[in-house]
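Count residues from 1 along the sequence.
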Amino acid sequence: MAVRLNLHLVRHGRTQWNEERRYLGHEDQGALMEGLEQLLPLREEFRSRHVAKVYCSDLLRCRQTLNCILSDLHMPGIINEVELGSVIPGVCYDRKLRELDFGDWEGKTYEDLKENAAYRRWIDNPGTVTPPSGESWPSFCSRIEVFLAEMYQDMKGLLSMQEGPAILLESESESESESAGHDTETQPGVLDMDVLVVTHGGVIRQIAAATLPDTEFWATSVSPGEVLQLQLAWDGARWRGVRVNE
């Protein structure tokens with residue numbers, strides 16, 4: 001049976017360095033409380049979906065974002081700070097979903113670096129320059145490709161289970177899903193699978209560039225706390241598809 005993957009890419013909630021427009025890569029900074037509160041509408045969004053698999057960057061701001069999305073719908077606000085950073089059983093926390101490591105440029109702003117010749121070359125063509133003590137562009141792109149390939153293997157594993165795809169998150173009823181405006185019909189011989197990924201802006205851009213035809217890295221913009229939804233199919237070598245939301 002063919003699989004049509006509905007991939008929901010959530011960028012983590014806003015951080016202090018996001019507010020200050022500082023480069024934030026592997027620095028393990030948590031999200032602002034206001035940024036997490038802006039995520040609360042996503043709880044309702046994912047309550048009405050069957051989610052077959054959840055992936056999350058292992059960094060704190062992404063763990064907090066995921067826990068906020070999956071927190072008790074009946075609570076008026078977010079869960080306490082300790083629980084926000086906790087690990088959820090069944091979720092795949094993956095270092096490959098981390099943001100690019102900006103090395104010595106971590107925490108710097110454009111104004112701090114604009115006179116740096118290497119930085120200027122990196123802005124123009126990141127594939128030709130590596131941030132000092134940071135991660136090369138080919139290394140970053142390579143780990144995203146590995147993640148996508150591993151995700152395909154995970155989907156194959158779910159399909160091979162005798163009971164069908166494992167459902168980590170279950171909607172309360174199909175009627176709620178329909179009333180929420182989600183299309184529950186599938187094409188004959190095609191299995192729709194929803195996958196949630198909580199990660200970082202650069203990772204989302206690179207996943208889009210790797211899966212959407214004629215899409216450059218900088219063509220995709222997702223603000224903190226926003227979702228990019230892609231509909232993908234495996235073509236025998238890679239995931240290819242279209243963007244669903246604007």
Solution key, residues 201-211 side-chain donor-acceptor pairs under 3.5 Å, sequence neighbours excluded:
unit_1 : atom_1 : unit_2 : atom_2 : d
R205   : NE     : T220   : O      : 2.7
T211   : OG1    : I207   : O      : 2.7

With sequence neighbours excluded, residues passing side chain to side chain donor-acceptor pair (under 3.5 Å) with [X]:
X    : result
E226 : none
R95  : none
N116 : none
S57  : H200

> Strictly by modelled atom types, are Q229 and N245 linked by a side-chain donor-acceptor pair under 3.5 Å?
Replying inline: no
I'd like to check the salt bridge (charged side-chain N to carboxylate O under 4.0 Å, His left out) partners of [X]; sequence neighbours left out, ordered by chain and number.
X    : result
K96  : D94, E150
E216 : none
D28  : none

> What residues form a side-chain contact (heavy atoms from CB on, under 4.5 Å) with P138, not counting sequence neighbours?
Replying inline: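 Here the qualifying residues are S136.
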>> Once side-chain contact (heavy atoms from CB on, under 4.5 Å) is applied, do any residues pair with N125, and if so which ones, sequence neighbours excluded?
In response: T128
>> As an exercise, state the distance from CZ of F102 to NE2 of H26, rounded to the nearest 0.5 Å.
In response: 9.0 Å
> Between V195 and L5, does a side chain to side chain contact (heavy atoms under 4.5 Å, CB included) hold up when you go through it step by step?
Replying inline: CA-CA 7 Å; V195 170; L5 189 69; 3.3 Å; yes
>> For residues 7-25, which residue pairs pass the side chain to side chain donor-acceptor pair (under 3.5 Å) check, not counting sequence neighbours?
In response: H8-D194, H12-R61, R14-E19, R14-Q38, T15-N18, T15-Q29, Q16-E20, E20-R22, Y23-Y119
>> Listing request: all salt bridge (charged side-chain N to carboxylate O under 4.0 Å, His left out) pairs with a residue in residues 127-138, at least two apart in sequence or in separate chains.
In response: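 Those involving residues 127-138 are E135-R143.
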> Mind checking whether W137 and F217 have ring centres under 6.0 Å apart?
Replying inline: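 W137 vs F217: aromatic centres under 6.0 Å.
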